[in-house]
Amino acid sequence: MPPDSDNKPQKNIIETIRSLFGLNNTAPGKDGLPPKSGFNIWYVLLFFLFLTSLQQFLFAPKVETIPYSQFKQYVAAGKVSTLTIDPENIHGTLTEKPGQGFTTVRVNDPGLVKDLDDHNINYSGQTENKFLSFFLSWIVPIGIFFLIWRFFMKKMGPGMGVMSFSKNKAKIFAGSETKVSFADVAGIDEAKEELQEVVEFLSNPGKFQKLGGRIPKGVLLVGPPGTGKTLLAKAVAGEAKVPFFSISGSEFVEMFVGVGAARVRDLFSQAAKQAPCIIFIDELDALGKARGMNVMGGHDEREQTLNQLLVEMDGFETNKGVIIMSATNRPEILDPALLRPGRFDRQVLVDRPDINGREAILKIHSKNVLLGPEVDLRKIAGRTPGFVGADLANLVNESALLAARKNKETVEAAEFDEAIDRVVGGLEKKNRIMNTKEKEIVTFHESGHAIVAESLEHADPVHKISIIPRGIAALGYTQQQPTEDRYLMTRPELLDRLAVLLGGRVAEELVFGEVSTGAQNDLQRATDIARSMVTEYGMSDRLGLVTYERSRQPMFAPEGFSSGKNYSEEKAAQIDEEIAKFIEEAHQRVRKILSERRIVLDKLAQLLSEKESVPGEELRAMLAVA
Ligand code: ADP
Ligand code: MG
Ligand code: ZN
């Protein structure tokens, strides 16, 4: 990609406008010459001007417009030879200059006919040309509209004519056409494994039917942009060698009411004929936003389309061999109905790759790139935490371009370094890549959570600790795995949960002597737990077994609207004190735990900064020896 590719779309718009107004000369192209433009509105205007003047000078008879009084003088002087009188104008020629005509606007002059008769002038009346005026005022405009309409229809591409608006635009790839296979996807092995089953079903549906196994109807791929969700869906189709209907959620949502729903119906009926096959709806969130979020209320187009999708998904049997795959990077806004059993009942997390995954992805994308002998993909992977597959593909491409620009034979480490800086610079703007200091803070923060979780009796064991950024808010995460399903929680369990939430912040305090803003969400959740313990569960000794209902903010209430508490200000102050007490006690506890395990904290943080993600077992082993 060229270096200035990020501002390309903007530049394109500006250039289009420039070329529209013929301002191209002010924007010389890269080679110093003004860029050529195919279409310039000034040319069209000039052409019209030319046509009009041509008509004026060549084809129109030489006609002079004169005042009516002068016309009367001509008549009186007998200079007029013939006259044509129509309802609005009088055209005539003069006896002296036969080639020279004149015209004048009629005025109300009842004596005119008598005048003309008196001077023996040859005159005739004329009515408007009915056909010509009809032609000009009706046929021509309609014709022009038709041409414009045709033009736009053509621009919209085939299959979008009036008759086929309801036909869907799904791109269909026959089984053999999808060239992507699992070998082209790396770094997201867990997701790949889960989809293996789908592949097996599609390539041999009979086997599963005989055993009566139930295959998921819908598989939802969830993950940040660029992690390879679309790629993975294509790979499933490629592996199973079945047709692949690919459509993007936004393509369902049309400006015409009812079209989206019709498209859904059409898509499913087409797919049923081609079974076994895959329907892939990319960017499902464009279509599947929770219903009822429309402020105006009512039943809008998108809602209708979504309803139709739900109906279709319920309506067909999986055993027919149609599997619906879908991808989104915003699962939280999806309509809950989509996630119910029998619809997208299987969700596959497509996460950011860790260092091994990144190395594997780099390997795939540099397959066709001539790498210098000293290029170490592992090292590059180590330098690019937070990069997703698309970023890495871009990185390889960028390096190759840099090498080509320098006329090198192979792509060397220097180019990768330069490209990383460039890509990181771009990504940093989007707040996805950490600098070194941030990374250090995050490693200790997450280590703090993890060690506290492992040290407390009632906390869930740690599954995985990671500093690979996820989402917008969280810079790292500590994944705990509940040992069983929980419906009730006891007071000690809640207190331990509170402590784990504070672990990150306390670790920062201990190590750096200062705290960052990264703990904000933790504190909020901790406060929520403490508040619930005091006001809802009656777990505070001081306030006792009373619940203080949280005031629920009514929907659409104006800012600052309060529905009123059902307790006094004094009680409110006591509640706040109790909450603060719970938090402070937890704080002291966590400080003690982490101070005692300071060595493990440092070791874990070190390990985390090297490996980026550490499984829970490793932490348990470290704690056991310490
Ligand atoms: P998503 O749909 O999750 O936003 P895409 O599947 O469109 O991401 O990925 C864009 C491109 O990035 C792919 O075409 C591929 O070249 C590259 N890519 C992304 N993830 C991977 C991966 N895990 N392995 C290999 N290439 C990847
Ligand atoms: Mg995609
Ligand atoms: Zn935290």
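One-based numbering, in listed order, for ligands and for the atoms of each. What you see is a predicted model; the values in this text were computed from it and never measured.
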Looking only at distances, can you tell me whether any N or O atom of Ala393, backbone or side chain, sits closer than 3.5 Å to an N or O atom of ligand 1?
no
Backbone or side chain, does any N or O of Gly187 fall under 3.5 Å from an N or O of ligand 1?
no
Could you see which bit of Asp184 sits under 4.0 Å from ligand 1, with heavy atoms only: side chain, backbone, both or neither?
backbone
Measuring to the Zn ion (ligand 3), does Asp522 have an N/O/S atom at a distance below 2.8 Å?
yes
Are Phe280 and Phe245 near enough that their ring centres are under 6.0 Å apart?
no
salt_bridge(Arg505, Glu508) N-O dist < 4.0 Å
no
Identify the closest protein heavy atom to atom 4 (O) of ligand 1: which residue and atom is it, and at what distance?
Gly226 N, 2.7 Å
Of all the non-hydrogen atoms in the protein, which one sits nearest to atom 6 (O) of ligand 1, and at what distance?
Leu231 N, 2.9 Å
Identify the closest protein heavy atom to atom 26 (N) of ligand 1: which residue and atom is it, and at what distance?
His365 NE2, 2.8 Å
Please determine whether the number of non-hydrogen atoms from other residues, nucleotides or ligands lying under 6.0 Å from atom CD of Glu190 exceeds 12.
no
Output yes when Arg358 and Glu612 qualify as a salt bridge under the 4.0 Å nitrogen-oxygen rule, no when they do not.
yes
Going by an N to O cut-off under 4.0 Å, is there a salt bridge joining Lys179 and Asp184?
no
Glu374 atom CD, over 12 foreign heavy atoms within 6.0 Å
yes
What atoms in ligand 1 come closer than 4.0 Å to a heavy atom of Pro225?
4 (O)
Side chains of Glu440 and Thr443: is there a donor and an acceptor less than 3.5 Å apart?
no
For atom 2 (O) of ligand 1, the protein heavy atom that lies nearest, with its residue and separation:
Thr230 OG1, 2.6 Å
How far is atom 12 (O) of ligand 1 from its nearest protein heavy atom, and which residue and atom is that?
Ala390 CA, 3.2 Å
In the protein, which heavy atom is nearest to atom 5 (P) of ligand 1, and how far is it?
Gly228 CA, 3.8 Å
Please report which non-hydrogen protein atom sits nearest to atom 24 (N) of ligand 1, along with the residue it belongs to and the distance in Å to one decimal place.
Ala186 N, 3.1 Å
Just to confirm my output: which protein heavy-atom neighbour is closest to atom 18 (N) of ligand 1, and how far is it?
Gly389 C, 3.6 Å
Atoms in ligand 1 flagged as close to Val185, the criterion being non-hydrogen separation under 4.0 Å
23 (N), 24 (N)
Which atoms of ligand 1 sit under 4.0 Å from any heavy atom of Ile188?
23 (N)
Taking everything shown except Arg525 itself, do over 12 heavy atoms lie less than 6.0 Å from its CZ?
no
Kindly confirm or rule out an N or O of Asp282 lying under 3.5 angstrom from an N or O of ligand 1.
no
Is it true that atom NZ of Lys406 has more than 12 heavy atoms of other residues, nucleotides or ligands lying nearer than 6.0 Å?
yes
Under 4.0 Å between heavy atoms, the region of Ile361 that gets near ligand 1 turns out to be side chain
Hey, are Asp496 and Arg589 close enough for a salt bridge, meaning a charged N less than 4.0 Å from a carboxylate O?
yes
Short N-O contact, Arg598 and Asp602, less than 4.0 angstrom:
yes
